[in-house]
Enquirer: 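Here's a structure for you.
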Amino acid sequence: MSSAFDKLARPVQKWVRSKGWRELRQIQADSVHVVMDGNADLIVSASTAGGKTEAAFLPLISQVLDAPSERDGFDLVYIGPLKALITDQAMRLEDICREAGLPVYPWHGDVSGSVKARALKAPRGILLITPESLEALFVRRGLEIPRLFGATRAVVIDELHSVLDSERGVQMRSLLTRLEIAVKRPIRRVGLSATLGDMNMASAYLRPDNAEAVQLIEAKGGEAELLLQLRGYVSGGEDEDAPSATDAVSEHLFRHLRGSDNLVFAGARQWVEIYADRLRNLCEKAHLPQEFYPHHASLAREHRDFVEKRLKDANLPTTAVCTSTLELGIDIGDVACVAQVGAPFSVAALRQRLGRSGRREGQPAILRQYSVEARLDSESSFVDQLRLGLIRAIAMIELLLEGWCEPPRPEALHLSTLVHQILSVIAERGGAQANRLYRVLCQEGPFRRVDTGLFLDVLRAMGRPEAELIEQSSDGLLLLGAAGERIVEHYSFYAVFKTPEEFRLVADGKELGTLPIDNILTPGMLLIFSGRRWVVQEIHDLEKVILVKPAKAGVPPLFGGDPGMIHDRVIEKMFDVLEGEVEPSYMDKISLRLLSEARANFERWRFAETPVVEMGDGAWILATRCGTVKTTTLAMALGAEGFQITQHDGFLLVESGEAEQTLDQVLSEMANAATPDLFAHSPNLIFEKYHSYLTPDLLKLDALSARVDRSCLQSLCSDLRAQKATI
DNA sequence: GACCTGCTGCGGTCTG
């Protein structure tokens with residue numbers, strides 16, 4: 001045992017011995033030294049099941065035992081993004097703390113009131129809580145916060161990578177600042193994370209005012225060997241008897257995954273249902289027991305628990321066909337292979353998914369990428385001709401192999417979450433002065449890109465008679481207005497992310513899951529859901545319940561979705577692939593044929609020489625060579641001039657529509673700095689939960705900070721003004 | 001052109 005072991009408190013050493021560990025892992029030993037020898041903030045980065053939880057808690061618990069606090073309050077706080085993760089981690093920590101006599105309190109929406117009451121009565125030990133439940137403590141028990149957290153030595157933030165740049169991440173960072181302000185001292189922050197793309201950026205998120213001092217502990221080496229295959233399929237064949245591409249992919253999955261544990265990421269809930277249905281049929285036809293199950297957020301918790309339990313059970317071979325539900329979270333054990341059907345939306349997600357495979361010593365990680373492309377005919381669009389789906393899949397894999405992944409984008413204003421936090425701070429203290437709010441949220445908290453002028457505009461928008469979120473008393477104190485009061489009092493306030501309205505789907509008294517209300521359903525309609533086929537019997541609009549019974553056939557429902565955001569670097573890599581000659585060794589014969597078709601068409605359209613290709617009939621294709629933000633910006637600018645735009649990965653299809661000028665004239669003007677009003681066609685700018693309380697001007701600013709990039713327009717347009725080609 | 005995450009306090013009823 002190293003000297004790290006000697007530094008641990010006796011009961012903790014005893015626990016380590018009882019586990020039969022021969023020695024601490026490197027990240028654990030490193031973490032013991034950093035925690036026990038100073039007060040530094042810390043990020044521990046390793047794969048799932050890499051021992052991160054113990055790395056953080058063995059030394060932190062030791063400190064608590066060696067020098068118990070004289071103050072009231074939880075000694076250590078763990079913030080986790082999932083209820084299931086908190087339940088899991090609470091069990092592990094209880095095991096460590098039993099010997100030490102330290103209480104462990106899980107705290108989230110499903111934890112019983114009696115456990116919470118006990119924790120509130122005598123707060124000590126370890127509190128494991130979601131960001132939303134912590135928010136609720138601030139709103140409901142604002143004045144008790146100093147008592148509850150007076151003794152807190154450290155906050156451990158799990159799955160740090162998953163909240164770096166989201167509204168939820170901003171909320172959590174705001175709560176961390178408010179916690180330190182309430183107890184009037186800094187609290188050590190410990191981030192636990194899967195491998196991060198940019199550790200320095202992560203440090204800045206963890207402790208913005210002293211990022212250089214954040215200690216980084218990364219698990220080194222031990223990367224499993226990667227086995228990789230990309231298979232191409234062609235759909236829409238002229239021979240109707242031939243199996244469809246979906247059937248062919250399903251059969252290949254069936255043959256290669258049966259008998260082991262696997263994850264199939266199908267990209268969208270609708271596709272999850274389709275593939276789960278096909279795979280289920282293949283099992284039935286072969287008279288084999290069922291081992292393929294769907295898993296996504298609209299399925300009943302009960303069904304999802306069942307699939308997760310089966311994955312953990314080493315004796316039952318199980319393949320989950322899933323969305324990103326199984327990308328992070330509780331430990332489901334090692335899987336033999338990860339399959340990805342269709343291109344993913346980010347390299348970060350692909351890397352996270354792959355981390356679920358090849359975790360056992362000597363076992364390779366296996367990635368099977370499936371790409372389905374359309375059969376080409378004279379009517380085929382340029383998107384099909386350039387095989388953009390396949391090309392993106394290749395680009396993602398190439399970037400994965402290079403070790404790159406998307407960094408967070410720190411420039412966003414997050415005004416929706418700012419509205420939320422203003423309401424929350426006012427509720428916490430029963431009222432607040434504007435300058436105090438600004439200091440807490442924008443100077444010390446995470447909304448640092450918001451200056452005083454903008455902050456006052458947000459306050460004014462919240463105080464408008466049509467908003468009534470806040471009002472000002474005669475002495476200048478800001479209080480909750482009538483609507484603000486109503487919103488803050490409802491339990492739906494605590495989460496900062498939006499959720500759509502849904503129907504509940506019920507069969508024979510049992511809940512199957514939920515469906516977005518924009519599905520138009522009538523009795524008699526056939527559905528595929530939860531991997532099985534149903535017929536709709538009754539629809540109860542008021543109760544939002546749909547009753548179904550089993551059927552022989554069905555179609556998957558629509559689940560809707562948001563536009564994806566693809567990084568510039570991914571699109572650049574796609575153009576590298578289109579312009580290159582390399583035939584990656586991981587590609588099969590059909591995918592290579594599709595790649596060479598794409599390259600031939602790219603060449604034939606002369607995209608290598610010119611970014612603007614005239615199609616005739618007042619239509620052009622523009623190769624923007626940029627990711628979603630810049631491409632969207634150009635699309636908005638051209639839309640404002642009357643053109644009709646269709647957007648694709650790194651390309652725009654432009655049609656004259658009602659435009660009064662030619663495309664060349666417009667691009668030329670924009671290249672000379674004549675920036676049009678991007679919002680001329682009043683596009684929808686309400687994306688986030690509290691956006692609807694802001695004025696149009698504030699919404700534009702928020703969009704410009706995250707979804708639109710006006711500064712790129714001029715140079716983008718001058719690049720595009722190269723000579724046009726005609727085919 | 002997509003995915004995911006979360007929730008209080010109170011009053012009522014039931015069980016041992």
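Reminder, nothing fancy here: chain letters follow the sequence lines and each chain counts from 1.
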Enquirer: Look at the side chain of Ala495(A) and decide which nucleotide, out of dG6(B), dT8(B), dC3(B), has an atom nearest to it.
Expert: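 The answer is dG6(B).
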
Enquirer: Under 4.0 Å between a side-chain N or O of Thr130(A) and OP1 or OP2 of dG6(B)?
Expert: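 For dG6(B), OP1/OP2 do not have a side-chain N/O of Thr130(A) under 4.0 Å.
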
Enquirer: If you count every heavy atom of other residues, nucleotides or ligands that lies below 6.0 Å from Lys498(A) atom NZ, does the total exceed 12?
Expert: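 Yes, because the 6.0 Å sphere around NZ of Lys498(A) holds more than 12 heavy atoms from other groups.
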
Enquirer: Applying the side-chain contact (heavy atoms from CB on, under 4.5 Å) test to Asp649(A), which of Ile566(A), Thr624(A), Val570(A) qualifies?
Expert: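 Among Ile566(A), Thr624(A), Val570(A), the one meeting side-chain contact (heavy atoms from CB on, under 4.5 Å) with Asp649(A) is Ile566(A).
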
Enquirer: Lys689(A) near the nucleic acid: base, sugar-phosphate alone, or nothing, with a heavy-atom cut-off under 4.0 Å?
Expert: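 No contact.
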
Enquirer: Output the rounded distance in Å from CG (Leu328(A)) to P (dT5(B)).
Expert: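 Leu328(A) atom CG is separated from dT5(B) atom P by 9 Å.
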
Enquirer: Using a cut-off of 4.0 Å on non-hydrogen atoms, how would the nucleic acid contact of Thr325(A) be classed: base, sugar-phosphate, or nothing?
Expert: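 Thr325(A): backbone/sugar contact only, no base atoms under 4.0 Å.
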
Enquirer: Does dC7(B) have OP1 or OP2 under 4.0 Å away from a side-chain N or O of Arg168(A)?
Expert: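 No, Arg168(A) has no side-chain N/O under 4.0 Å of OP1/OP2 on dC7(B).
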
Enquirer: Whole angstrom is fine here: how far is it from NZ in Lys116(A) over to P in dT8(B)?
Expert: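 Value for this atom pair: 4 Å.
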
Enquirer: Name the nucleic acid region contacted by Tyr494(A), choosing base, sugar-phosphate or nothing; use a 4.0 angstrom heavy-atom cut-off, strictly under.
Expert: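 Counting heavy atoms under 4.0 Å across all strands, the contact made by Tyr494(A) is with sugar-phosphate only.
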
Enquirer: Look at all strands and tell whether Gly564(A) reaches a base, only sugar-phosphate, or nothing, counting heavy atoms closer than 4.0 Å.
Expert: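 Gly564(A): base contact, heavy atoms under 4.0 Å.
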
Enquirer: Decide, yes or no, whether a salt bridge links Arg178(A) with Glu135(A) under the criterion of side-chain N to carboxylate O below 4.0 Å.
Expert: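 Counted as a salt bridge, because a side-chain N and a carboxylate O are separated by less than 4.0 Å.
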
Enquirer: Quick one: Asp110(A) CG to dG6(B) C1', roughly how many Å, whole number?
Expert: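 Answer to the nearest Å: 10 Å.
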
Enquirer: Of all the nucleotides listed (dC4(B), dT5(B), dA2(B)), which has the minimum atom distance to the side chain of Thr323(A)?
Expert: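 For Thr323(A), the side-chain atoms sit closest to dC4(B).
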
Enquirer: Rounding to an integer number of Å, can you tell me how far His490(A) NE2 sits from dG6(B) P?
Expert: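 About 18 Å, once rounded to whole Å.
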
Enquirer: Are the ring of Phe497(A) and the base ring of dT5(B) both nearer than 5.5 Å at their centres and tilted by less than 30°?
Expert: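 Stacked: centres under 5.5 Å apart, planes under 30°.
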
Enquirer: Can you tell me if Glu144(A) has over 12 outside heavy atoms packed within less than 6.0 Å of its CD?
Expert: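 Correct, the count exceeds 12.
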
Enquirer: Taking any heavy-atom pair under 4.0 Å as a contact, classify His108(A): base, sugar-phosphate, or nothing.
Expert: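 It contacts sugar-phosphate atoms only.
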
Enquirer: Round to the nearest Å and state the distance from Glu688(A) atom CD to dC4(B) atom C1'.
Expert: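 From Glu688(A) CD to dC4(B) C1': 13 Å.
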
Enquirer: Looking at Asp305(A), Asp88(A), Asp110(A), which one forms a salt bridge (charged side-chain N to carboxylate O under 4.0 Å, His left out) with Lys83(A)?
Expert: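 Testing Lys83(A) for a salt bridge (charged side-chain N to carboxylate O under 4.0 Å, His left out) against Asp305(A), Asp88(A), Asp110(A) leaves exactly one candidate, Asp110(A).
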
Enquirer: Can you confirm if the aromatic rings of Phe306(A) and Tyr293(A) lie within a centre distance of less than 6.0 Å?
Expert: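 Centroid distance Tyr293(A)-Phe306(A): below 6.0 Å, so yes.
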
Enquirer: Whole Å only: how far is the CD1 atom of Ile487(A) from the C1' atom of dC7(B)?
Expert: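 Distance check: Ile487(A) CD1 to dC7(B) C1' gives 15 Å.
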
Enquirer: Using a cut-off of strictly less than 4.0 Å, decide whether Ser133(A) has a side-chain nitrogen or oxygen near OP1 or OP2 of dT8(B).
Expert: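 For dT8(B), OP1 or OP2 has a side-chain N or O of Ser133(A) closer than 4.0 Å.
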
Enquirer: Does a side-chain N or O of Lys498(A) approach OP1 or OP2 of dG6(B) to a distance below 4.0 Å, or not?
Expert: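 For dG6(B), neither OP1 nor OP2 has a side-chain N or O of Lys498(A) closer than 4.0 Å.
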
Enquirer: Using a cut-off of 4.0 Å on non-hydrogen atoms, how would the nucleic acid contact of Arg301(A) be classed: base, sugar-phosphate, or nothing?
Expert: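 Nothing, no nucleic acid heavy atom in range.
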
Enquirer: Among dC7(B), dC4(B), dA2(B), which is the nearest nucleotide to the side chain of Arg304(A)?
Expert: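 For Arg304(A), the side-chain atoms sit closest to dC4(B).
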
Enquirer: Whole-Å distance between dA2(B) P and Met565(A) CE?
Expert: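 Rounded to the whole Å, the gap is 15 Å.
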
Enquirer: So, is Arg269(A) near the phosphate of dA2(B), with a side-chain N or O under 4.0 Å from OP1 or OP2?
Expert: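 Looking at the OP1 and OP2 atoms of dA2(B), neither is under 4.0 Å from any side-chain N or O of Arg269(A).
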
Enquirer: Map Gly109(A) and His296(A) onto DNA chain B by nearest heavy atom, then report which one ends up closer to the 5' terminus.
Expert: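 Result: His296(A).
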
Enquirer: Applying a 4.0 Å non-hydrogen cut-off, can you work out what Arg353(A) is touching in the nucleic acid: base, sugar-phosphate, or nothing?
Expert: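 Nothing, no heavy atom under 4.0 Å.
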
Enquirer: Can you identify which nucleotide, out of dT5(B), dC3(B), dT8(B), has its nearest atom closest to the Ser324(A) side chain?
Expert: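 Of dT5(B), dC3(B), dT8(B), dC3(B) is nearest to the side chain of Ser324(A).
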
Enquirer: Output the rounded distance in Å from CD (Gln352(A)) to C1' (dC3(B)).
Expert: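 So the CD-C1' distance, Gln352(A) to dC3(B), works out to 13 Å.
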
